[in-house]
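Just so we're on the same page: letters track the sequence lines, and every chain starts at 1. No experiment lies behind these values; they were computed from the predicted model shown. All values below were derived from every heavy atom in this structure, side-chain atoms included, with hydrogens, water molecules and symmetry-related copies excluded.
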Amino acid sequence: MPVHNQDIAEQFDELADLLEIEGANAFRVRAYHNAARTLRDLPHSVTEMVSAGENLTELPGIGKDLASKIETIVETGRFPQLDELKKAMPKGLAEVKDIAGLGPKRVKALHEALGVEDVEGLKKAAQAGQLHELSGFGKKTEENILHELETRGSGEKRHLLREAESRAEPLVDYLGRVDGVKEVVVAGSYRRRKATVGDLDILVSCTRNSPVMQRFVDYEDVSDVISHGGTRATVVLKSGMQVDLRVVASSSFGAALHYFTGSKGHNIRVRKMGLERGFKINEYGVFQGDTQIAGKTEADVYSQVGLPYIEPELREERGEIEAARDGKLPELIELDDIKGNLHNHTKASDGAATLREMATAAKEHGWSYLAITDHSKALRVANGLDEDRLARQVDEIEALNDELDGITLLKSIEVDILEDGSLDLSDAILKRLDLRVCSIHSHFRLSRDKQTARVMRAMDNPYFNILAHPSGRLLGSREGYSIDMERLIDHARENGCIMEVNAQPQRLDLDDVYCKMACEAGVKLAISTDAHTPHHLDFMRYGIDQARRGWVTADDVVNTRSLKDLRKLVAR
DNA sequence: GCCGTTTTCGGCCCGACTGTTTTCAGTCG
């Protein structure tokens, strides 16, 4: 059984946690975390790299030692160093370290002095009042840990970007109305438009006497105040989402925005570039000695290290620093580039609106075409269309198009890819359509090889145009099916197939990493809303966000084209 | 443990807040 990148990454993270508790060199610990991150971001299988004899040390953060450890894991399925460490160090301690307020030093003390081995053991010790007797622990620390143990689980989950927006927007509005507040920006992964957001980092500039900090902790949605200082406060909202607020001077706003937008890896690179030039970069600005030489805007900070402005979505340490240095940053796609939408449902299957209602809503978005892609007959739960019903819908669309002005409905279908890789409708009806969107809704648990072969066979069908939600993931509830995306991308290129970026907030599929890989391979993308009601058409911007994170330009996306050019692109 | 216009050693980002201290360690982002 092949070892997946994610498996190795988890073992590296676990080893790093245990090493840290043991008191190992912090940079050695970081090296394992860095390598884990590299493996997670890697769009192809490290198992295949090993069997192809490729040199793993060319991957960032992976040197001779870690390369050989990866090879051992791939070849034997075992990680001897981790097994060894687990003998000396209970595995449950890694979980204890995840509890807020507990880091490696305290976990080590708990283990050595009280024999704590896991969260359960910690709970017993805390309830027995043993914690505050340890040096470095006090009454308050014990209380905090007990409180954390009780409410555990509520604060650690990640939130869909859309959910985070629904919390952030009213709060930003509230803070913006506080006396003396000049600017309010949500930084962090929210600003980088990650598909999911852990917490909110809000940055404020204001006059010296502004009561913004007090007003923040008094906000009606706050359930818990974690910390509350002069320039920084942390609260938990009733929804369980944690929010950090930082107050900075206008002269430092750009530097702070850069710092709190991250990612961490990106920031470290920029700070290092500053050091090479003899500058110190922190959240207050760029400093030469004690003199601030930049910091008012982010562009100033970049400019001091010889870089052009880098869009937040690119700041993931995935080559953006090098691209910026070489003048090769992509010109990222924008919402206004979109001219149409190629995946939408109506009442005919599981949607809520009529053809005409969808057309009207699409026109209001300023689009000139909208593909109607109801489900096909295999998807009975969604009232999928068979050949006869689809033929009637095609007639209906043709008639409606004669009436509509400024918007064209495209005759299309979201046709199921059956288990054997055939499509769920006859060629005769598929031929009558303007384009076909193809997707998997069944047999999610096929082996990786079978699942990959299934979709590749479907792509061989000359009526296959767009692969919808290619991984099948549902954020927070379902992993994608096991499939070799790299081979699918190659096969799509060879057959002139398009990959979808599904803009539904819980899908965002393709993800950012595969978007980048597909575009680099020369495969075109379609960014589509998979709308089931007119208001789902608003989801387009979430698809744009992920595409931007994947370095996608307008040219990479088929639905930035005029209808005439789109028709040429989908002709196989 | 990685990495190299500082290259095989000696660095590795840096400041705020809390709690337990009495000048600072630990944690967090």
> Heavy atoms from C-beta onward define the side chain here; which of B:dC17, B:dC2, B:dG29 lies closest to that of A:D244?
B:dG29

> Can you label the angle between the A:Y302 ring and the A:H258 ring as parallel, tilted or perpendicular, going by 30° and 60°?
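Perpendicular: the ring planes of A:Y302 and A:H258 meet at over 60°.
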
> Would you say B:dG15 has OP1 or OP2 under 4.0 Å from some side-chain N or O of A:K280?
yes

> Report yes if at least one side-chain N or O of A:T231 is closer than 4.0 Å to OP1 or OP2 of B:dC17; otherwise report no.
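A:T231 to B:dC17 OP1/OP2: side-chain N or O found under 4.0 Å.
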
> Side-chain N or O of A:Q242 less than 4.0 angstrom from OP1 or OP2 on B:dC28?
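Answer is no, no contact under 4.0 Å.
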
> Using the test salt bridge (Lys or Arg N to Asp or Glu O under 4.0 Å), find all partners of A:R192 that sit at least two apart in sequence or belong to another chain.
A:E316

> Taking OP1 and OP2 of B:dG1, is either one under 4.0 Å from a side-chain nitrogen or oxygen of A:K69?
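True: A:K69 side-chain N/O within range (under 4.0 Å) of B:dG1 OP1/OP2.
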
> Salt-bridged, A:R28 to A:D65, with N to O below 4.0 Å?
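Salt bridge: no.
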
> For B:dT8, what is the paired nucleotide under Watson-Crick or G-U wobble rules, both distances under 3.5 Å?
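Checking every strand shown, B:dT8 finds no partner, since no pair has both distances under 3.5 Å.
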
> Between B:dC13, B:dG19, B:dG15, spot the one nearest the side chain of A:T141, thanks.
B:dG19

> Has the side chain of A:Y259 got a donor or acceptor that lies under 3.5 Å from a partner of the other kind on the base of B:dG29?
yes

> Return the 5'-most residue of the pair A:G63, A:V107 with respect to DNA chain B, ranking by each residue's nearest nucleotide.
A:G63

> If you compare every side-chain N and O of A:N282 against the phosphate oxygens of B:dC14 (OP1, OP2), does one of them come in below 4.0 Å?
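Looking at the OP1 and OP2 atoms of B:dC14, neither is under 4.0 Å from any side-chain N or O of A:N282.
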
> Look at A:R30 and B:dC13 and indicate whether a side-chain polar atom (N or O) is within less than 4.0 Å of OP1 or OP2.
yes

> Among B:dG1, B:dG29, B:dT27, which nucleotide has an atom closest to any side-chain atom of A:P104?
B:dT27

> Does the side chain of A:R28 get closer than 4.0 angstrom to OP1 or OP2 of B:dG1 through an N or O atom?
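Answer is yes, contact under 4.0 Å.
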
> If you compare every side-chain N and O of A:N144 against the phosphate oxygens of B:dG19 (OP1, OP2), does one of them come in below 4.0 Å?
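A:N144 to B:dG19 OP1/OP2: side-chain N or O found under 4.0 Å.
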
